[in-house]
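Chain letters run A, B, ... following the sequence lines, proteins first, then strands; residues in each count from 1.
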Protein chains: 2
Amino acid sequence: MTKQPDAVPARGRELPHPDPDAIRLGDVLHALADPVRLSVVSALAADGGELACSEIELPVTRSTCTHHYRVLRESGVLRQIYRGTAKMNQLRRKDLDDRFPGLLDSVLAAAAGEGSGG
Amino acid sequence: MTKQPDAVPARGRELPHPDPDAIRLGDVLHALADPVRLSVVSALAADGGELACSEIELPVTRSTCTHHYRVLRESGVLRQIYRGTAKMNQLRRKDLDDRFPGLLDSVLAAAAGEGSGG
DNA sequence: GTCAAATTACGAACATCCTCGTACAAAGGT
DNA sequence: ACCTTTGTACGAGGATGTTCGTAATTTGAC
């Protein structure tokens, strides 16, 4: 109530996500091509559920984390929901599998293989 | 004016390719994330064999083509061989499938789906 | 209301990438 | 030798991308 006049509706805490059909292959590949972001995706896949940003340790500062999470969200790779002071992240598995069958799994498998010394 | 003294051995016409084990997932994803390069890969996959650079029409100049082909070669996505005045390009299907099973196929399928109106 | 925790926004530095134009090199045909 | 075809090298411009630091916001607990 201090800063926002009225232009933006009350809940400025809802984040924009692309519709499943609007997810672009190029955006997804670009999002996954960065090592920091790929490690986020791997962590979320390993967990299977949802993780707060603070639960995934990354070798960059918090503002850089914000940037990477946004790239992942805007590309349609993950969904972000506020819960209390935390922001929960969840892979958009079904949306991705429907749109690009096998892509996420093959990337995750490849990342796991490389990570463990290949 | 031969420009090149003797530093480089006679055949400057052999191109460096990464070993199969040296192919990096991040490099491959980055290479495939560009629309021009993805169209090259799709064309090569559709053909199944090898194509000269000049046989794949791209909406960029020749020097930009050279750049994109190099990115694809250096990332391990394709192999390039000189043949006469032409440079032939071929997908490194087996190398990619061995290293990152399913990745190339899922990307190609995704690209085909998007291209035809998804 | 005050405080702490989690995260964002903004601006800036720096690196990388995509694109082009021009000049050049290699191979093949005449 | 000359010309054409094909592709390269170099340099530059402009757009994106990654990273950070600092100041601010939101929520929950006290």
Side-chain angles (χ1 to χ4, degrees), chain A residues 1-5 7-16 24 26-40 50-75 77-89, chain B residues 1-16 24 26-40 50-75 78-89:
Chain A
M1 69 180 254
T2 41
K3 204 65 165 300
Q4 298 288 57
V8 175
R11 59 178 184 329
R13 305 227 92 198
E14 216 151 274
L15 296 159
R24 298 252 146 261
D27 293 343
V28 172
L29 293 177
H30 171 251
L32 297 177
D34 180 274
V36 174
R37 292 193 291 262
L38 188 54
S39 76
V40 169
E50 58 183 25
L51 290 172
C53 295
S54 60
E55 292 181 284
I56 304 175
E57 288 204 27
L58 299 173
V60 291
T61 65
R62 262 166 276 170
S63 39
T64 302
C65 286
T66 298
H67 161 71
H68 286 303
Y69 280 108
R70 172 164 35 190
V71 172
L72 287 168
R73 171 172 48 81
E74 292 180 344
S75 67
V77 173
L78 54 81
R79 201 180 300 279
Q80 296 191 290
I81 305 167
Y82 282 104
R83 179 169 309 171
T85 67
K87 187 156 79 172
M88 308 308 293
N89 303 279
Chain B
M1 221 18 154
T2 44
K3 190 83 170 304
Q4 294 289 53
D6 272 314
V8 175
R11 51 151 182 8
R13 304 226 94 197
E14 216 151 276
L15 295 159
R24 297 251 143 262
D27 293 343
V28 172
L29 293 175
H30 171 251
L32 298 176
D34 181 273
V36 174
R37 291 193 292 260
L38 188 54
S39 77
V40 169
E50 58 184 24
L51 290 172
C53 295
S54 60
E55 291 180 285
I56 304 175
E57 287 204 28
L58 299 174
V60 290
T61 64
R62 261 168 294 178
S63 40
T64 302
C65 287
T66 299
H67 161 70
H68 286 304
Y69 280 107
R70 173 162 39 189
V71 171
L72 286 168
R73 173 173 46 81
E74 291 180 345
S75 66
L78 54 79
R79 201 180 300 279
Q80 295 190 292
I81 305 168
Y82 283 104
R83 180 169 309 171
T85 69
K87 188 156 78 170
M88 308 307 293
N89 303 279

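- Taking the side chain of A:Thr85 as heavy atoms from C-beta on, and the options D:dT18, C:dA5, C:dT7, the nearest nucleotide is C:dA5.
- A heavy-atom distance below 4.5 Å is not found between the side chains of A:Tyr69 and A:Leu15.
- Here the side chain of A:Ala52 is nearest to one of C:dT7, C:dT19, D:dT19, namely C:dT7.
- The interatomic distance linking B:Met88 (CE) with C:dA27 (P) rounds to 16 Å, in whole Å.
- The backbone N or O of A:Asn89 sits nowhere less than 3.5 Å from a side-chain atom of A:Arg73 that would complete a donor-acceptor pair.
- Distance from the side chain of A:Asp34 is smallest to D:dT18 among D:dG7, D:dT18, C:dA9.
- Contacts of B:His67 with the nucleic acid, taken as non-hydrogen atoms under 4.0 Å apart, include base atoms.
- Counting heavy atoms from C-beta outward, A:Asp34 and A:His68 have side chains that approach closer than 4.5 Å.
- For the atom pair NE2 of A:His30 and CG of B:Leu29, the computed distance is 11.0 Å after rounding to the nearest 0.5 Å.
- Rounded to an integer number of Å, the gap from CG of B:Leu51 to C1' of D:dG7 is 16 Å.
- A:Arg70 has its CZ atom 15 Å from the P atom of D:dT16, to the nearest Å.
- For the pair B:Arg37 and C:dC18, the criterion of a side-chain N or O lying under 4.0 Å from OP1 or OP2 is met.
- A heavy atom lying under 4.0 Å from DNA chain C marks the following residues of residues 56-66 of chain B, by number: B:Val60, B:Thr61, B:Ser63, B:Thr64.
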Quick one: do B:Leu78 and B:Val40 satisfy side chain to side chain contact (heavy atoms under 4.5 Å, CB included)? Show the steps, please.
CA-CA 10 Å; B:Leu78 54 79; B:Val40 169; 4.3 Å; yes
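- As rounded to whole Å, 15 Å separates atom P of C:dA27 from atom CD1 of B:Ile81.
- Looking only at side-chain heavy atoms (C-beta outward), A:Glu55 and A:Glu50 stay at 4.5 Å or farther from each other.
- One interatomic measurement links the two molecules: OH of B:Tyr69 to P of C:dT19, which rounds to 13 Å at whole-angstrom precision.
- A:His30 has its NE2 atom 10 Å from the P atom of C:dC17, to the nearest Å.
- Distance, A:Arg83 CZ to C:dT7 P: 12 Å, rounded to whole Å.
- Not one side-chain nitrogen or oxygen of B:Ser54 sits closer than 4.0 Å to the OP1 or OP2 atom of D:dT5.
- The structure places CG of B:Leu51 at 5.0 Å from CD1 of B:Ile56, a figure rounded to the nearest 0.5 Å.
- What separates CG of A:Leu15 from C1' of C:dT7 is a distance of 11 Å, to the nearest Å.
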